[in-house]
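Letters A, B, ... mirror the listed sequences (proteins, then strands); counts begin at 1.
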Amino acid sequence: MGKFDNHGLKAVSPLGGFEPQVDAFTGLLIREVTDRALASLGARQGSEDAVKSAAASYLGGALPEPASWNANGEFAAWWMGPDLWMISAPHDSHELLAGELKEAVGEAGSVVEQTDGWCRFDMEGSRCFDVLERLCNANIRAGKPGDATRTSMEHLGVFLLCHEAGQKYSIVGPRSSAGSLHHALVAAAQSAI
Amino acid sequence: MTDTVMNAGMNAGTVAFQADGSTGARKGVQVNRLDGGLIKGSKALNFTFDGKRYKGFEGDTLASALLANGVRLMGRSFKYHRPRGPLTSGSEEPNALVELRSGGRQEPNTRATVAELYDGLEANSQNRWPSLQHDFMAINDRFSNFLTAGFYYKTFMWPAAFWEKLYEPIIRKAAGLGSISFEDDPDAYDKGFLHCDLLVIGAGPTGLMAALTAGRAGAQVIIADEDFLLGGRLNAETFGIGDLTGAAWVEQAQAELASMPNVRVMPRTSIIGAYDHGIYGAVERTADHVLAPEAGKPRQILWRIYSKRAMLAAGATERPIAFENNDRPGVMLAGAVRAYANRWAVTPDQTVAVFTNNDDGHRTAADLIAKGVKVTAVIDTRAEAPKVEGAELFAGAQVIDTKGRLGLEVARLRLANGATRDVPCGALAVSGGWNPNVHLTCHQRGRPAWREDIAAFVPAGDLPQNMSVAGAANGDFSTAAALRAGAEGAVAALSELGIEAKADALPEAEDAPINVTPFWYVKEGKGRAWLDQQNDVTVKDVKLAHQENFRSVEHLKRYTTLGMATDQGKTSNMGGLAIMAELAGKQIPEVGTTMFRPPYTPVSFGVMAGRSVGEEFRPTRKTPSHKWAEEQGAEFVEVGQWLRAQWFPKKGETHWRQSVDREVLQTRNSVGICDVTTLGKIDVQGKDAAAFLNKMYANAFAKLPVGKVRYGLMLREDGIAYDDGTAARFAEDHFVVTTTTANAVLVYRNMEFARQCLFPDMDVQLISTTEAWAQFAVAGPNARKLLQKVVDPEFDISNEAFPFMACGEVTVAGGCRARLFRISFSGELAYEIAVPTRYGDAMIRKLMEAGEEFDAVPYGTEALGVMRIEKGHAAGNELNGTTSALNLGMGRMVSKKKDCIGNTLSEREGMNQENALKLVGFKPVNAAEPVQAGAHLMNADGEVSAATDQGYITSAAYSPVLGCSIGIGFLKSGDSRKGEVIRAVNPLEGKEVQVEVVSAHFVDPEGERLRG
Amino acid sequence: MIINHPILGPRDSQEFTYLGDATLIDRPDWEADDAAGQFHDYLYLRDNPAGEHRELWFHEQGDRSWLVVTRNTVTHEILNVELARDVARARGRSK
């Protein structure tokens, strides 16, 4: 699953396979995404501005506002809570993202590796609204690209990131429940489509 | 009577009828089918009722199709098994309850009046034996004096045991509703969430006009109606709107709504409840009108609707007049008879009489006459009744009784002049006026107000937040008033949201006034006059309740069960209230109303469950080694949401104890491996991280060196211990804290509470990392040797370099990042090693492979439990919400030099008694005897009582190391009673075992192994 | 119910965990002379008003903010929502 397996241990995806899973429906594709590294970034008290500017120069763009996410080149970031963000980068080139980020922000921020705390499924296609409204209470039809909503799907806390309203979303949920989350997505798609 | 007049109306074919080109097919054996209507007569649908085959049409309900086929008798009543037919044509139906379908799809208590007909529909009557026509339980009717109001309370008082064993089963069998098949429902159900600016509840003229007005203004609109056909009463009446027929106007409105992307039209959708702040529950029946849902598609969907504004446009329900034997099949509401004729082209019989106290009832006579049905009489309670064309009018008259076996044949009248008259009729259309459907306005304690001019309750000012009411639901009964109210209501609601809408010029429509003179029940007659036909409550029952002093309206309801059936008394409550008012000499508004509650109409359990059924009832969390453990044939146990390996049976092992004993011994003798990923992990960083942990834990953390781990005990603010774990210090400002599996969420929540609410200026950041790391315990004398094969050689993990309670970052398997902790739950030389979760599956295989030469064994939660009891470590059974640090033998750990959650109150006198419970161990005197968890401890001699109780055993297990059963638990002054022999008693099972009080540390009490 | 989150706007109360009276913010000083008495009152004595009530809600399925929600316990009307951290600071809980 990528060039990072340069040691004796072979990685498996959150669903337990060696390759990411894909489920196709008419007008919808659900794709397991395994190629992103994640690290959380929290601002130390009194260092909110410092962490923002340090992160901005590392990421090449400002940290996102509440309830939103953005992408800058190979990086993406979303708002998790007050003074707390999740940063994402390609796993192949940034397996040690947390360390790199900590170096960039120094004492201004607290950084925690989050890569394997999460699973991610991307949902793409014209039927996104119909499926998502069976899954979560977010007002997706009123949503816009750049929205990052923490919501729950079948009792699982997830981040819902909107790439293109009605067309493309990322759903980031707890890794140990990847099977349950995947089942929820597929069952909702079968039901709605 | 139904088979005597076959041909009435045969020659009056309408345009719509002839266009279907199906005269012969349409009539066929459907003896009561008329012309016209909104059914599609081109295609006959086959269905069965009680096994007999019938034909109906698309657009029919089960009730309309049965009536068309001359079937009036559809059910037996709840208590007395009286023969009953439909009273209504809608969801308020009390009588015509049937079982639909069979096998796993069998659904009891469905109202035939709303069951949409489809080809192959299978329906059965219920609550009768052996058949609907000959029901043995109709004997109950003879005992009606015994089954009156309050009979439950009066009759089954003695002896108490008889209730459960005798009375209840008999009553349940005799008095009841439909049955279920006890097979699994094969269908899927779903749920979902919708948002809108305006939710319009009901798609009659009011609702459609509101939706059109709001939709044209660009607002996000949802319009829902329980019916499969939009239009409400417009489908049941003959008058039109503007130049169009009612149905044509509805079709036009529907087409316009469908063209607007901002409007969602939801037919077959019942709004079942109004909840706080604009949230509504809705059930959409997506596949109840087909033989079976498509694979994977839901039968029904439960929607949670978030509305900024809602308009209740739910119309009104007609109410009957009570008179003797008014429950015979054929006695129906006048508006329903009219709806059957106009919408479904059906008459319940070829001769019909009308009984009314208002002008609206006359419409039924006029419409039936126009359809060629013989109207034998119009009986109006008012002396000044309007004239009737084509039927005999009896003004100032009343219906005092009915006759007929299994259905109405004759209505007996008391005329204005005092004479009686028998009128032949197979159906009697009764109208007592209309009640606005106020139900949803009451779901948050709203109380309707009485309006004298329409003699009905209407919604008052205390509506649910952001709800408005319009049209007939608000007491505006004419079509013109409904259109106006819908348009203006939408404009007003949207203007509150800053959306500008305008009420376009409204089409012309009928605007007839309401002329009604209240008339609730016929006083003449000694027999029973029915109010609540679903619960078999009569006028007499209400009188009896009053006589027995049940005078609050809520008491009346419960004593008589009036309005407590699944229809919530939609057609009966008003009559009961009016009679009660009369008996009490009060006005109706003084008596008040009972509370309507969700759901508005019955809801199936399936749709409440939604997709979350079976294994998917709630999410499952799987450990990183789950797949590998499955391959080993592990038995799993649910711990919270986690599935953990409980033990790993080997070939030839027939009892779990064999596996567990082997896992324990092999671990203690060589090395064992266990997935401990499930322990909660919280990353704590910040300049004040150590100070913060000092607040969280009873013991001190400020001086913990970097690279070390410390055990920590957490207290509640009341001084009771609630969780424990370890904190590893990776840097001055960085700790990783573990919690028990069960309390991971709670501990995190409490830490956030402390961080945000108690110490808001401490510099500390928290985040969970439970899932990010796959963590394995490696325990046993060979643990280090095994790990030295896996941890990369540049890391020295010798006892000197990496002593007990050390922690650090290492790499494994040639460069994979890992965290190593030298901690022990088993009491053995032990480590926990964590790798990024994606490598967890590979890691367990690697560890097992490396451990082959040591005969390494995987162990599950049972062996883990046995070993921690052998070691005397507290777990959930000991941290049971009643025990303090002192009880746990950790009293000295609670630092007095600092503030922490719980330390002040842990110093209370009552928690520091001399003879306080202390955690100790117990061994049976006779090694063959078991020690039982939950057993209470008593002194060696003396009585066994709560007063002499010395404590209790919290955890027990068979220890393969000691070769006997052992336990740990709490004993008064336990720490000073070692060596004493006491009794562990289990009075529930009559057991008593002599046990010796010992140290809780059965294995390696000096802790030499874990430091070795 | 809908709670109007000061940062995120209206959110369903299903996303929150309820704790109780917002006076739990006012944790006593452990070094006070009558600390035991103060802690007793802090932990065990609560008003139970039929009407306006300030209470703590945790946005567990959301941004993990603790909120102080002023709610009418009779009508469920929500009159004010604040970040608990701001309330705590305003009530003198800064170091």
Asker: Between Gly179(A), Gly46(A), Ala188(A), Ala187(A), which has the largest tally of heavy atom pairs under 4.5 Å with chain B?
Answerer: Ala188(A)
Asker: Of all heavy-atom pairs between Ser177(A) and Pro619(B), which one has the smallest distance, and what is that distance?
Answerer: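 Looking at all heavy atoms of both residues, the shortest contact is OG-CB, 4.4 Å.
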Asker: Can you tell me which portion of Lys846(B) sits under 4.5 Å from chain A's heavy atoms? Options are side chain, backbone, both or neither.
Answerer: side chain
Asker: For the atom pair NE2 (His183(A)) and CD (Glu616(B)), what is the distance rounded to the nearest 0.5 Å?
Answerer: 4.0 Å
Asker: Output, in order, the C-alpha distance, side-chain angles, deciding distance and verdict of side chain to side chain contact (heavy atoms under 4.5 Å, CB included) for Ile767(B) and Met80(A).
Answerer: CA-CA 11 Å; Ile767(B) 195 161; Met80(A) 295 178 82; 4.0 Å; yes
Asker: Give a yes or no on whether a salt bridge exists between Arg264(B) and Glu133(A), defined as a side-chain N under 4.0 angstrom from a carboxylate O.
Answerer: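 Salt bridge flag = yes for Glu133(A) with Arg264(B).
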Asker: Once you round to the nearest 0.5 Å, how far does CG of Asp763(B) lie from CD of Glu107(A)?
Answerer: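 Answer for the CG-CD pair, Asp763(B) versus Glu107(A), is 9.5 Å.
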Asker: Should Lys687(B) and Gln45(A) count as side-chain neighbours, where that means a heavy-atom distance under 4.5 Å?
Answerer: no
Asker: Using non-hydrogen atoms only, which part of Thr811(B) is less than 4.5 Å away from chain A: side chain, backbone, both, or neither?
Answerer: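 The answer is neither part of Thr811(B).
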Asker: To the closest 0.5 Å, what do you measure between CG (Leu766(B)) and OG (Ser40(A))?
Answerer: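 With rounding to 0.5 Å, CG (Leu766(B)) is 10.5 Å from OG (Ser40(A)).
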Asker: Under 3.5 Å, side chain of Lys627(B) to main-chain N/O of Gly17(A), donor-acceptor pair present?
Answerer: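 No, because the side chain of Lys627(B) does not come within donor-acceptor range (under 3.5 Å) of the backbone of Gly17(A).
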Asker: Could you tell me if Ser612(B) and Glu154(A) have a donor-acceptor pair between their side chains, going purely by distance under 3.5 Å?
Answerer: yes
Asker: Taking the side chain as every heavy atom from C-beta outward, state whether Arg44(A) and Asp733(B) have any pair of such atoms under 4.5 Å apart.
Answerer: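 They are in side-chain contact.
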Asker: Can you check whether Ile301(B) reaches Arg134(A) side chain to side chain, under 4.5 Å on heavy atoms?
Answerer: yes
Asker: Write down the atom of Thr115(A), the atom of Arg838(B), and the distance for their closest heavy-atom approach.
Answerer: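 Minimum heavy-atom contact is CG2-NH2, 3.4 Å.
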Asker: With a 4.5 Å cut-off on heavy-atom pairs, point out which of Arg621(B), His626(B), Arg611(B) contacts chain A the most.
Answerer: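 Going by pairs under 4.5 Å, I would pick Arg611(B).
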Asker: Less than 4.5 Å apart, any side-chain heavy atom of Val112(A) and any of Gln765(B)?
Answerer: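 No, side chains not in contact.
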Asker: So, taking the atom named CG in Asn139(A) and the one named CZ in Phe193(B), what distance separates them when rounded to the nearest 0.5 Å?
Answerer: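 If I round to the nearest 0.5 Å, the distance is 12.5 Å.
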Asker: Go through the atoms of Leu181(A) and report whether side chain, backbone, both or neither lie under 4.5 Å from a heavy atom of chain B.
Answerer: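 Neither part.
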Asker: Heavy-atom distance under 4.5 Å to chain A: side chain of Pro261(B), backbone, both or neither?
Answerer: neither
Asker: Please identify, among Ala295(B), Ala813(B), Ser768(B), the residue contributing the most non-hydrogen atom pairs under 4.5 Å to chain A.
Answerer: Ala813(B)
Asker: Can you find a pair of side-chain heavy atoms, one from Leu9(A) and one from Met843(B), that are under 4.5 Å apart?
Answerer: yes
Asker: If you count heavy-atom pairs within less than 4.5 Å of chain A, which of Ala772(B), Pro293(B), Pro624(B) leads?
Answerer: Ala772(B)
Asker: Working to the nearest 0.5 angstrom, can you tell me the gap between Asp190(B) CG and Leu135(A) CG?
Answerer: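 Interatomic distance, Asp190(B) CG to Leu135(A) CG, rounded to 0.5 Å: 8.0 Å.
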Asker: Mind ranking Thr286(B), Leu194(B), Thr620(B) by heavy-atom pairs under 4.5 Å with chain A and telling me who comes out on top?
Answerer: Thr620(B)
Asker: Sort Arg141(A) into side chain, backbone, both or neither according to what part of it lies under 4.5 angstrom from a heavy atom of chain B.
Answerer: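 For Arg141(A), the contact with chain B is made by the side chain alone.
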Asker: Given that the side chain runs from C-beta out, which part of Arg817(B) has a heavy atom under 4.5 Å from chain A: side chain, backbone, both or neither?
Answerer: side chain
Asker: As an exercise, state the distance from OG1 of Thr769(B) to CG of Asp116(A), rounded to the nearest 0.5 Å.
Answerer: 11.5 Å
Asker: For Lys622(B), which atoms come within 4.5 Å of any heavy atom of chain A: side chain, backbone, both, or neither?
Answerer: both
Asker: Could you look at Ala43(A) and say if it's the side chain, the backbone, both or neither that has a heavy atom under 4.5 Å from chain B?
Answerer: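 The answer is the backbone of Ala43(A).
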Asker: A quick test of your reading: do over 12 heavy atoms of other residues, nucleotides or ligands sit less than 6.0 Å from CD of Glu48(A)?
Answerer: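 Yes.
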Asker: So what's closer than 4.5 Å to chain B heavy atoms on Ala142(A): side chain, backbone, both or neither?
Answerer: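 Nothing of Ala142(A), per the 4.5 Å heavy-atom cut-off to chain B.
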Asker: Heavy-atom pairs under 4.5 Å with chain B - which of Ala178(A), Ala138(A), Cys136(A) has more of them than the others?
Answerer: Cys136(A)
Asker: Is it true that Lys10(A) and Asp841(B) make a salt bridge, defined as a side-chain N closer than 4.0 Å to a carboxylate O?
Answerer: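 Here Lys10(A) does not pair with Asp841(B) in a salt bridge, since their nearest N and O are not under 4.0 Å apart.
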Asker: Select, from Glu294(B), Lys191(B), Glu771(B), the one with the greatest count of heavy-atom pairs under 4.5 Å involving chain A.
Answerer: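 Among the listed options, the one with the most contacts to chain A is Glu771(B).
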Asker: Check whether Asp792(B) gets within reach of chain A through its side chain, its backbone, both or neither, counting any heavy atom under 4.5 Å.
Answerer: neither
Asker: If we define contacts as heavy-atom pairs under 4.5 Å, which of Gly610(B), Gly296(B), Ala188(B) has the most with chain A?
Answerer: Gly296(B)
Asker: Just checking Glu65(A): does its CD atom have more than 12 heavy atoms from other residues, nucleotides or ligands closer to it than 6.0 angstrom?
Answerer: no
